[in-house]
2 protein chains.
Amino acid sequence: MSKKIRIKDVAAAAGVSSALVSYVLNARHVDRINKDTAKKITEIAKDLGYYPNQIAKSLKTRKTYTIGLMLGDIVNPFSHQIARIIEDEAKCYDYAVIAGSCDEDHERSKKLMETFVNRQVDGFIIVAASDTENQLAYLEELDIPFVLIDRYFPEKNFDYIVIDNYQAAYTAVSHLIEKGYQKIALVNYETSLAHLKDRTLGYTQAIADSGRMHDEASICSLSMQDNPQETKNKIAQFIKNKNYDAIFAATNTLGIETLKQFNQLHIRVPDDAAFVCFDETDAVDLFYAKLTHIRQPMQAIGNLAVQRLIHKINHVYEPEPPYQVVLKSEFVINESSG
Amino acid sequence: MSKKIRIKDVAAAAGVSSALVSYVLNARHVDRINKDTAKKITEIAKDLGYYPNQIAKSLKTRKTYTIGLMLGDIVNPFSHQIARIIEDEAKCYDYAVIAGSCDEDHERSKKLMETFVNRQVDGFIIVAASDTENQLAYLEELDIPFVLIDRYFPEKNFDYIVIDNYQAAYTAVSHLIEKGYQKIALVNYETSLAHLKDRTLGYTQAIADSGRMHDEASICSLSMQDNPQETKNKIAQFIKNKNYDAIFAATNTLGIETLKQFNQLHIRVPDDAAFVCFDETDAVDLFYAKLTHIRQPMQAIGNLAVQRLIHKINHVYEPEPPYQVVLKSEFVINESSG
DNA sequence: CTGAAAGCGCTTACAG
DNA sequence: CTGAAAGCGCTTACAG
């Protein structure tokens, strides 16, 4: 075993103090350190294979260079797409990301947050579960910076980066109307989460603007608390009634589940029913009829979230107006709504 | 802001020493601490909302309760399925998981490993990129425990948990043969990675055992170094030649890409070509013909990896014979090979 | 049964 | 230009 090298070892080998080694390696006070000494230290550190112990460093500097990423549900394609982007972007600033999923559960969300707080993450990027405003307020009390993505709380002044969900849904449904579909159904969660409410609103408004009557029977409402089997059953039930000629699925997982049921029941897209859903997943090209979908600007969401968070980390005690960004999404028309 | 409470604050409030608080909260020497004092300390700690600073704790105990998870490619469904399982299992032992992707790249793998080492992870679970044996040897030198999953190095004594890839491929191809398909093609990566070689071997052996001649033209070889577009093009090229009546895709991503090309070129499964692939992904139910596939025991792989790793962490200096587990996979027959 | 003190490996004012 | 020393918030022999 090659024992782990400490700063002390480097200092001894170079015949200087630990302080100097620390200065050189962190490029502090470069102006007033002897060039040759600096060079010697750098070389010796390299020869010995010295890497600073981040734990010790963190204890002293009170910075861990770690971001806690709280996801709603890790199996959701949105989650790992965004996780990947956030990790890459964070790496550019020498931050690591530690991610966890709260599975849309209030309690799990709280536990996860506590775990990350104890691990001294410098800040959070959060896809918030429903009714977790008080957890976020707790973070504010602790002066731990965070930024929300995907979901937001309209009543609060938290920073967020989201898309215009109302507009996205409105566009999608208007497209189906233009295409001549008569009975357009919505599959969505019934929840207090504003972004999903917005999607429902976009749907109902587009229907209303087309001069049609709103029909409760056209909405398939799921609960986020249901287990996968219950969700599946409810969707299957709804599909079987065949009270629609087009379906707008308000989330990617709901969309995929709907398509699976279509397959099961031999309902052909778009002949028997047109289909539009959220997010660009593998399903888009994999389904026999390429899927019309709403494409979120994932890269922008991830990058902005990281940049804003790091800015806040570096200016913790300088209050600023809330940073609330609403990005545009893209509507991609394919065969499934042909 | 409610200032963060330290152990000192609790000690002061309780009128005892920090040492005692530490003992009580960590349940050390419970036998020789006054019950009432202990109770008082516990209550006060709770009232003040005390949580130990994990960084300080780690510095002293040299344990971070963190596992570094190195993935081959985070967008691969295998990766996040297994990541999820590992996170959940690790949580049972109060370990957190910090994950990263090396994108099948040697250099990125090295950087990632160094980052995790500096962050003092207690151990690694690794889906190894090709030719990274020396990186693993480095970990051994540092006495940092690790266990490989999914992939292994037959020449080395590293711990691993994998499936019998040869057998899985052999079974899949034999099934196609029994079904009467005449020209069975393989889509796989050309690589030094043993688990993928095993899959090719299982394929060629099954073909040979059926008394057929091996035909080089039946193998579509990809390179892991190719970018997605190149991979796509090569598969498209291969598909277009139509020199097959069945395809066995040796990885899930290759399988999904193949199916996308089938759609593009209006090749119907299983009428124009039968199809079998690795892994249970959303694609299985989403494709119009339910996919025949090899189902890996993900839960077992993840759980065993975590359990073995934690065992090693707790017994670092007690050498044991290598722990090399080969699990069985399940072959699930569906319509795509009907 | 309990406390004073050292130490984990760094960083950083301060003194010279 | 450089070093001695304090301190981050814990844990843990050791002494009593």
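Every chain is numbered from 1 and lettered A, B, ... according to where its sequence line falls, protein lines coming before strand lines. Values in this document were obtained by computation on a predicted structure and should not be read as measured data.
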Could you tell me the separation between the [atom1] atom of [X] and the [atom2] atom of [N], rounded to a whole number of Å?
| X | N | atom1 | atom2 | result |
| --- | --- | --- | --- | --- |
| I41(B) | dT2(C) | CD1 | P | 8 Å |
| L59(A) | dC8(C) | CG | P | 13 Å |
| I55(A) | dC8(D) | CD1 | P | 18 Å |
| N34(A) | dT2(D) | CG | P | 5 Å |
| L25(B) | dG9(D) | CG | C1' | 14 Å |
| N53(B) | dG7(D) | CG | P | 18 Å |
| Q54(B) | dC10(D) | CD | C1' | 10 Å |
| K35(A) | dT2(D) | NZ | P | 11 Å |

Can you sort out the partners of [X] under side chain to side chain donor-acceptor pair (under 3.5 Å), two or more places apart, ordered by chain and number?
| X | value |
| --- | --- |
| Q135(B) | S109(B) |
| D131(B) | S192(B) |
| E89(A) | Q307(A) |
| K312(B) | D159(B) |

Item to check | Pairs where residues 13-40 of chain A contributes a residue and the test ring-ring contact (aromatic ring centres under 6.0 Å, His included) is met, not counting sequence neighbours | outcome: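 For residues 13-40 of chain A: Y23(A)-H29(A).
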
Next on the checklist: Can you pull out every ring-ring contact (aromatic ring centres under 6.0 Å, His included) where at least one residue sits in residues 44-75 of chain A? Sequence neighbours excluded, please.
Outcome noted: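 Applying ring-ring contact (aromatic ring centres under 6.0 Å, His included) to every pair that reaches into residues 44-75 of chain A, excluding sequence neighbours, yields Y65(A)-Y95(A).
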
Item to check | Non-neighbouring partners of H106(B) that pass ring pair (Phe, Tyr, Trp, His ring centres under 6.0 Å), sequence neighbours left out | outcome: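 Ring pair (Phe, Tyr, Trp, His ring centres under 6.0 Å) list for H106(B), sorted by chain: empty.
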
Checklist entry - Of F146(A), F124(A), Y152(A), which is the lone residue that meets ring pair (Phe, Tyr, Trp, His ring centres under 6.0 Å) with F158(A)? => result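 Result for ring pair (Phe, Tyr, Trp, His ring centres under 6.0 Å) with F158(A): F146(A).
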
Checklist entry - Pick the nucleotide of DNA chain D nearest each of D31(A) and K8(B); which residue has the one closer to the 5' end? => result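 By nearest-heavy-atom nucleotide position, the 5'-most residue is D31(A).
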
Checklist entry - So what stems show up for DNA chain C if we need 3 or more Watson-Crick or G-U pairs in a row, all under 3.5 Å? => result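 Consecutive-pair runs (3 or more) involving DNA chain C: C:1-3 with D:14-16, C:5-12 with D:5-12, C:14-16 with D:1-3.
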
Checklist entry - What nucleotide among dC10(D), dG3(C), dT2(D) has an atom nearest to a side-chain atom of R6(B)? => result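 So the side chain of R6(B) is nearest to dC10(D).
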
Checklist entry - Side-chain N or O of S58(B) less than 4.0 angstrom from OP1 or OP2 on dC10(D)? => result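 Negative; the distance criterion is not met.
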
Next on the checklist: Does D36(A) reach a base, just sugar-phosphate, or nothing at all? Heavy atoms under 4.0 Å.
Outcome noted: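 Contact class for D36(A): none.
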
Checklist outcome for this item: Going 5' to 3' through nucleotides 11-16 of chain D and flagging B where a protein heavy-atom sits under 4.0 Å of the base, S where only the sugar-phosphate is that close, and - otherwise, we get BBB---

Next on the checklist: N26(B) vs K57(B), test: side-chain hydrogen bond (donor to acceptor under 3.5 Å, both in side chains). Steps then yes/no.
Outcome noted: CA-CA 11 Å; N26(B) 293 300; K57(B) 202 165 183 162; 3.2 Å; yes

